[in-house]
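In what follows, a single structure is set out as structure tokens and then discussed.
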Amino acid sequence: MRRKLRYLFIYIFLTLSALISVFPFFWMIVGSTNKSVDVIKGKLTPGNQFLINFKNLWDNYNLGTVLLNSAKISALVVVFSVIVSSMAGYGFEMYVSKARNRLYGLMLLTLMIPLAALMVPLFRLMYFFNLIDSHWGVILPLIPSVFLTFFFRQSFSQYPKEIVMAARVDGANELRIFFSIVLPSMKSAYAAAAIYAFMTSWNAYLWPLVIIQSEQKKTMVLLISNLASGYTPDFGVVMMAVVIATLPMLIVFFSLQRYFVQGVLGSVKQ
């Protein structure tokens with residue numbers, strides 16, 4: 001009897017936790033179908049303003065261009081960040097030297113430095129290279145990722161080093177070993193890293209806010225910020241923008257979910 005009561009409380013707790021977690025998504029979707037005044041009142045039933053809110057967002061705020069900007073930035077960040085971080089993680093794991101762990105430790109210490117502390121030197125660097133108000137000014141600082149380098153080194157620690165040594169004996173150079181042998185066998189780790197890089201770049205706010213100055217180059221997150229910070233924001237349109245901004249992340253995550261779980265488990269297994 002005691003065991004049944006314990007399981008009952010566990011199921012009740014998990015159900016309540018799931019409802020609390022899902023409620024913001026439910027309210028977001030319902031809000032996108034209602035008028036602004038209904039969202040303010042906290043109406044939790046669907047309305048008939050979905051198409052109207054979408055039309056207002058598309059016609060008045062250049063939604064297509066903004067989505068393309070965000071997709072371009074996120075795609076380039078994912079590709080370059082995953083390649084650079086995986087090669088760095090591979091190098092730290094496969095090449096042994098006296099200074100390797102010291103350098104790796106110093107690199108991990110940079111995780112403690114907040115972005116706000118780097119904002120001024122990064123801005124001056126982008127100004128020097130004439131990248132202010134350009135997408136490359138947003139992309140380049142997002143490519144190096146200490147976390148992904150750490151993640152890939154943990155993943156490569158599980159990779160059989162005998163295969164790499166055998167390829168070297170056969171005369172394969174390091175780039176061929178990495179791209180032809182190691183990379184294809186680490187799909188799960190790359191999928192997990194791609195999800196992380198995509199979500200980080202898609203949701204980036206502070207750095208794009210500093211760099212991007214023209215309306216034509218704004219990202220989806222900046223558009224939502226502008227919509228919500230007006231004197232009389234249309235919360236139905238804001239909710240519609242949030243729904244549209246959330247869809248790509250859901251699509252990417254659920255498409256790679258199986259690989260994501262495998263990649264994360266493989267990176268922490270010792």
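Everything numeric here is computed off the predicted structure, so don't read it as measured data. Side chains are part of it too, since the values below use all heavy atoms of this structure and drop only hydrogens, waters and symmetry mates.
- Between the side chain of Ser81 and the main chain of Ile143, a donor-acceptor pair closer than 3.5 Å is present.
- For Arg100 and Tyr95, the positive end is not near the middle of the six-membered ring at less than 6.0 Å and at most 45° from its axis.
- Using a 4.5 Å cut-off on side-chain heavy atoms (C-beta onward), Leu44 and Phe23 make contact.
- The aromatic ring centres of Tyr190 and Phe152 sit less than 6.0 Å apart.
- The backbone N or O of Phe235 lies less than 3.5 Å from a partner atom in the side chain of Ser36, making a donor-acceptor pair.
- Remark: side-chain polar atoms of Ser180 are not paired, donor with acceptor, to backbone N or O of Ile177 under 3.5 angstrom.
- The environment of CZ in Phe179 is crowded: more than 12 heavy-atom neighbours from other residues, nucleotides or ligands sit within 6.0 Å.
- Under a 3.5 Å cut-off, the side chain of Asp133 and the backbone N or O of Ile212 do not form any donor-acceptor pair.
- For Met119, the CE atom is densely surrounded, since the number of other residues' heavy atoms within 6.0 Å is greater than 12.
- In this structure, Lys217 contributes its side chain and His135 its backbone to no donor-acceptor pair below 3.5 Å.
- Checking Gln216 against Asn62 by side-chain atom types alone, a donor-acceptor pair falls below 3.5 Å.
- A donor-acceptor contact shorter than 3.5 Å is absent between the side chain of Trp27 and the backbone of Val22.
- No donor-acceptor pair closer than 3.5 Å links the side chain of Ser225 to the backbone N or O of Val221.
- A side-chain donor-acceptor contact under 3.5 Å links Asp234 to the backbone of Gly236.
- When each of Val66, Val237, Asn226, Asn56 is paired with Tyr61, the side chain to side chain contact (heavy atoms under 4.5 Å, CB included) condition holds for Val237 and for no other.
- For the pair Ser185 (side chain) and Ile181 (backbone), a donor-acceptor distance under 3.5 Å is present.
- Here the side chain of Ser85 pairs no donor or acceptor atom with the backbone of Val82 at under 3.5 angstrom.
- For Arg168, the salt bridge (charged side-chain N to carboxylate O under 4.0 Å, His left out) partners at least two apart in sequence or on another chain are Glu174.
- In summary, the side chains of Thr219 and Asn69 do not present any donor paired with an acceptor at a separation below 3.5 Å, with no hydrogens or angles considered.
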